[in-house]
Amino acid sequence: MHYTPAPPDPKAPPVRINLLSDTQTKPTPAMREAMAKAEVGDEQVGDDPTTNELCARVADLLGKEAAVFMPSGTMCNVAATLAYCRPGDEILAHATAHIIAREGGAHAALGGFQITPLPGDDGQFTPEALRAALHPRTRYQPPQVLVSVEQTANIGGGTIWKKAALDEVVGIAKAHGLATHMDGARLLNATVASGISPRDMTAGWDSAWIDFSKGLGAPIGGVIAGTRGFIDDVWRWKQRLGGSMRQSGVCAAACVYALDHHVDRLADDHANARALARGLSQINGIQVQAPETNLVFFKPDGAGVPGDKMVAELRKRGVMLAMMDGRIRACTHLDVTAAMIEEAVSHVREIVRAA
């Protein structure tokens, strides 16, 4: 088993349609220009003006007191749990949440925390499931400290947590003395699709963050927001984790540019996802989950093509996507056009016909 990513196969055809992930986006020429012209300082002593501007804007956007720029969304989650919890504490999250399924066991390895998986359809646990998981505070069981949700729910199909459910989860958590954390990797996809502002969507949540390296198209970074005291603790963990940077304004400038130019256009990605799902669903035997945002999950097995074979055959044609949780995941983003969606559907149709 090797942990180092393998370089691309030089014999493989070039990727022309990249539906692997919205993390595959490349900075636009205008974003690169903003990065090149960024005014910078030293983040570690608090004098990088572009980074400071980004953090102030995200704190205001989410209705929180303060924010901090982080190299990645995973570090946002890890630093948050390290700030909230102590070894032996328990965190409650959906069974498919990123903090369980996609962060390499970091929360157990670095903090000694237990994450209890909660059941629920489409990547979301219900308020009833949360209530059922709560237990009295006794010496026989770990202290329950934190409730976390993922907005949108990635493995659940890019589904949007409804505002009413978020509010109910917050109410239950607060009534039992638990803190609340929102993994906002695709938070702005949810707010654009629902029409609910980021401030309203995160109201009541002690902390929330935005990933800029997905649909927003920046090359790096996330910003986590919360109370000033919480962000102060996160800064301590950012330093310990090696996430404290110097002239981070070069990267922060890309995120500022994204806030100004790449938020409203997320609706285009959602429209492309719906078009992809519509085209795939018209091919006999393919099962498609109706997308709520920019993620399309489908299974071609009923059409006589196993998922892994479909992925391999599409890659031969310059179309890249991936298997996830036993299904194929296609992800639309700013480097995917409507014409590419039509072409991708045509390739799938041809592969099914040849099966």
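Within the model, atoms OG1 of Thr332 and CG of Asn294 stand 4.5 Å from one another, a figure rounded to the nearest 0.5 Å. Separation of atoms CG (Asn77) and CG (Leu82) is listed at 10.5 Å; rounding is to 0.5 Å. With rounding to the nearest 0.5 angstrom, the CD atom of Gln144 is 6.0 Å from the CG atom of Leu178. Separation of atoms OG1 (Thr116) and CD1 (Ile91) is listed at 9.0 Å; rounding is to 0.5 Å. Of the inter-residue distances, the one linking Leu19 atom CG with Leu314 atom CG reads 9.0 Å to the nearest 0.5 angstrom. Put simply, CG on Asn272 and CD1 on Ile341 are 5.0 Å apart, with the number rounded to the nearest 0.5 Å.
Within the 4.5 Å cutoff, the side chain of Lys238 has heavy atoms near those of the Met245 side chain. Residues Thr81 and Ile115 fail the side-chain proximity criterion, which asks for heavy atoms closer than 4.5 Å. Looking at Val263 and Thr191, their side chains never come closer than 4.5 Å, going by heavy atoms from C-beta outward. Between Asp260 and Arg57, the closest side-chain pair of non-hydrogen atoms falls below 4.5 Å. Within the 4.5 Å cutoff, side-chain heavy atoms of Ile224 are placed close to those of Phe230.
Within 6.0 Å of CD in Gln287 there are 12 or fewer heavy atoms belonging to other residues, nucleotides or ligands. Taking a 6.0 Å sphere around NZ of Lys299, one finds it holds 12 or fewer heavy atoms contributed by other residues, nucleotides or ligands.
Under the 4.0 Å criterion applied to side-chain N and carboxylate O atoms, Glu313 and Lys316 are assigned as salt-bridge partners. A salt bridge does not link Arg236 to Asp232: none of the charged side-chain nitrogens sits closer than 4.0 Å to a carboxylate oxygen. Asp60 has a carboxylate O that lies under 4.0 Å from a charged side-chain N of Arg199, or vice versa, which qualifies the two as a salt bridge. Salt bridge status for Glu150 with Arg102: absent, with no side-chain N to carboxylate O gap under 4.0 Å. Using a 4.0 Å cut-off between charged nitrogen and carboxylate oxygen, Glu168 and Arg131 count as a salt-bridge pair.
Considering every non-hydrogen atom in both Leu334 and Lys26, the closest pair reads CD1-O, 4.2 Å. Smallest separation of non-hydrogen atoms from Asp22 and Cys331: N-SG, 3.1 Å. Of all the heavy atoms in Ala303 and Ala355, the pair that sits closest is O-CB, 4.5 Å. Counting all heavy atoms, side chain and backbone alike, Gly221 lies closest to Asp211 at O-OD1, 3.5 Å. When all heavy atoms are compared, the tightest approach of Ile17 to Ala344 is CD1-N, 4.2 Å.
When the side chains of ILVMFWY residues are joined at heavy-atom separations under 4.5 Å, either directly or via intervening members, Met340 and Val311 end up in a single hydrophobic cluster. Hydrophobic clustering (ILVMFWY, side-chain heavy atoms < 4.5 Å, transitive): Met70 and Leu62 are in distinct clusters. Taken together through direct or relayed side-chain contacts under 4.5 Å among Ile, Leu, Val, Met, Phe, Trp and Tyr, Tyr84 and Ile231 form part of one hydrophobic cluster. Using a 4.5 Å cut-off between side-chain heavy atoms of Ile, Leu, Val, Met, Phe, Trp and Tyr, with links allowed through other members, Val296 and Val319 fall into the same hydrophobic cluster. Linking ILVMFWY side-chain heavy atoms closer than 4.5 Å, directly or via other members, places Leu61 and Val68 in two distinct hydrophobic clusters.
Side-chain N/O atoms of Glu292 and Thr152 include no donor and acceptor closer than 3.5 Å. Under 3.5 Å, the side chains of Asp335 and Asn18 contain no donor-acceptor pair of N or O atoms. In this model, a donor atom of one side chain and an acceptor atom of the other lie less than 3.5 Å apart for His270 and Asn189. Ser148 and His181 share no donor-acceptor pair across their side chains, judged by distance under 3.5 Å alone.
For Asp47 (side chain) and Asp42 (main-chain N/O), a donor-acceptor pair under 3.5 Å exists by modelled atom type. Side chain of Arg317 to main chain of Pro13: no donor-acceptor pair is present (N/O by atom type, distance under 3.5 Å, no hydrogens or angles). Asp9 contributes a side-chain N or O that, together with a main-chain N or O of Lys11, makes up a donor-acceptor pair within less than 3.5 Å. Proximity of a side-chain donor or acceptor of Lys162 to a complementary backbone N or O of Ile160 within less than 3.5 Å is detected. Between the side chain of Thr50 and the main chain of Glu39, a donor-acceptor pair closer than 3.5 Å is present. Remark: side-chain polar atoms of Thr28 are paired, donor with acceptor, to backbone N or O of Met31 under 3.5 angstrom. A distance-only check finds a donor-acceptor pair linking the side chain of Thr126 to the backbone of Ala129 [under 3.5 Å]. Without hydrogens or angle criteria, Thr293 side chain to Gly158 main chain gives a donor-acceptor distance under 3.5 Å. Asp89 places no side-chain N or O within 3.5 Å of a backbone atom of Phe113 that could act as its donor or acceptor partner. Looking at Trp209, its side chain never comes within 3.5 Å of a backbone N or O of Cys76 through a donor-acceptor pair.
Among Leu92, Val147, Thr96, the one residue that satisfies the side chain to side chain contact (heavy atoms under 4.5 Å, CB included) test with Phe125 is Val147.
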Assess whether side-chain hydrogen bond (donor to acceptor under 3.5 Å, both in side chains) is satisfied between His333 and Thr25, documenting all intermediate values. CA-CA 7 Å; His333 50 79; Thr25 55; 5.8 Å; no

